[in-house]
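This chain uses plain numbering: 1 for the first residue, then up along the sequence.
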Amino acid sequence: MITLEDYFGRITFAQFGSPTPEIYSNAEVLLKRVNGMLERVLSVVPDMEAARNPVVNSGWRPPAYNATIPGAAARSRHMTGEAIDLSDPEGELDDILTNNFGLLMEAELWMEHPLATKGWCHLQSVPPKSGNRIFYP
């Protein structure tokens with residue numbers, strides 16, 4: 001289970017400031033959806049390490065920090081607490097979500113296309129501009 005501490009843990013608040021109440025609220029919604037989806041993934045593939053012991057590669061990113069990430073979107077949903085990147089070195093999580101589209105729909109999550117996220121799975125709680133459940137950044 002991913003906690004708020006896991007989600008916010010990589011950022012030094014002293015350096016970047018604390019997230020706003022709205023960002024915390026967004027993160028709570030996101031994590032509730034992601035954790036629920038991971039539980040459903042485990043019911044399909046009980047031994048999937050990426051779902052059993054999820055590792056947050058990137059959670060909340062304040063704008064100043066986001067600007068230091070190569071290739072990060074200028075309007076990244078990470079900055080508003082609405083996106084998370086989970087470690088997925090073998091692409092197992094990406095594969096199961098791509099092949100079981102309903103898991104994303106049930107959880108009300110959207111995912112960046114696996115071809116754009118080698119080694120991690122990007123999930124967000126709001127639709128991209130395209131509205132596609134699986135989208136290219």
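Side-chain heavy atoms closer than 4.5 Å link hydrophobic residues (I, L, V, M, F, W, Y) into clusters, and following such links, even through other members, never connects Phe135 to Leu104. Side-chain heavy atoms closer than 4.5 Å link hydrophobic residues (I, L, V, M, F, W, Y) into clusters, and following such links, possibly through other members, connects Leu97 to Leu109. One hydrophobic cluster, built from ILVMFWY side chains closer than 4.5 Å, holds both Met111 and Val44. Transitive grouping of hydrophobic side chains (ILVMFWY, heavy atoms separated by less than 4.5 Å) keeps Trp120 and Ile69 in distinct clusters. A chain of hydrophobic side-chain contacts below 4.5 Å, direct or via other Ile, Leu, Val, Met, Phe, Trp or Tyr residues, connects Val45 to Phe101.
Here the straight-line distance linking atom NZ of Lys32 with atom CD of Glu108 works out to 10.0 Å at 0.5 Å rounding. Annotation: the span from Leu123 atom CG to Glu112 atom CD amounts to 9.5 Å, rounded to 0.5 Å. Expressed to the nearest 0.5 Å, how far CZ of Phe8 lies from CD1 of Ile23 amounts to 7.0 Å.
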Could you give me the CA-CA distance, side-chain angles and deciding distance for Leu31 and Tyr7, then say whether side-chain contact (heavy atoms from CB on, under 4.5 Å) is met?
CA-CA 8 Å; Leu31 294 184; Tyr7 185 73; 3.9 Å; yes
Steps toward side-chain contact (heavy atoms from CB on, under 4.5 Å) verdict (Val34, Ile84):
CA-CA 9 Å; Val34 170; Ile84 190 169; 4.0 Å; yes
Using the side-chain contact (heavy atoms from CB on, under 4.5 Å) rule, take Asp85 and Arg61 through it: C-alpha gap first, then chi angles, then the decisive distance, then the call.
CA-CA 11 Å; Asp85 294 339; Arg61 298 194 307 228; 4.0 Å; yes
What do the steps show when you test Ile96 against Leu93 for side-chain contact (heavy atoms from CB on, under 4.5 Å), and what is the final call?
CA-CA 5 Å; Ile96 196 77; Leu93 188 56; 4.1 Å; yes
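A distance-only check finds a donor-acceptor pair linking the side chain of Ser43 to the backbone of Arg40 [under 3.5 Å]. Checking side-chain atoms of Trp60 against main-chain N and O of Met79 turns up a donor-acceptor pair under 3.5 Å. Under a 3.5 Å cut-off, the side chain of Asn35 and the backbone N or O of Ile2 do form a donor-acceptor pair. In this structure a side-chain-to-backbone donor-acceptor pair under 3.5 Å is present from Gln124 to Val126. Remark: the backbone N or O of Pro62 is not paired with any side-chain donor or acceptor of Asn66 at under 3.5 angstrom. Proximity of a side-chain donor or acceptor of Asp94 to a complementary backbone N or O of Cys121 within less than 3.5 Å is not detected. Under the 3.5 Å distance criterion, the side-chain polar atoms of Arg77 are left unmatched by any main-chain donor or acceptor of Ser125.
Between Tyr65 and Phe16, the ring-plane angle classifies as perpendicular under the 30° and 60° cut-offs.
The local environment of CD in Glu106 is crowded, with over 12 non-hydrogen atoms from other residues, nucleotides or ligands closer than 6.0 Å.
Smallest separation of non-hydrogen atoms from Pro70 and Thr68: CD-O, 3.4 Å. Ala50 and Leu38 get closest at one heavy-atom pair: O-CD2, 4.5 Å. Taking both residues in full, the closest heavy atoms of Tyr24 and Pro19 are given as CE1-CG, 3.6 Å, listed atom of the first, atom of the second, then distance.
One side chain, Thr80 or Glu82, offers a donor N or O that lies under 3.5 Å from an acceptor on the other. Side-chain atoms of Asp95 and Thr98 include no donor-acceptor pair closer than 3.5 Å.
For His122 and His78, the gap between ring centers is short of 6.0 Å.
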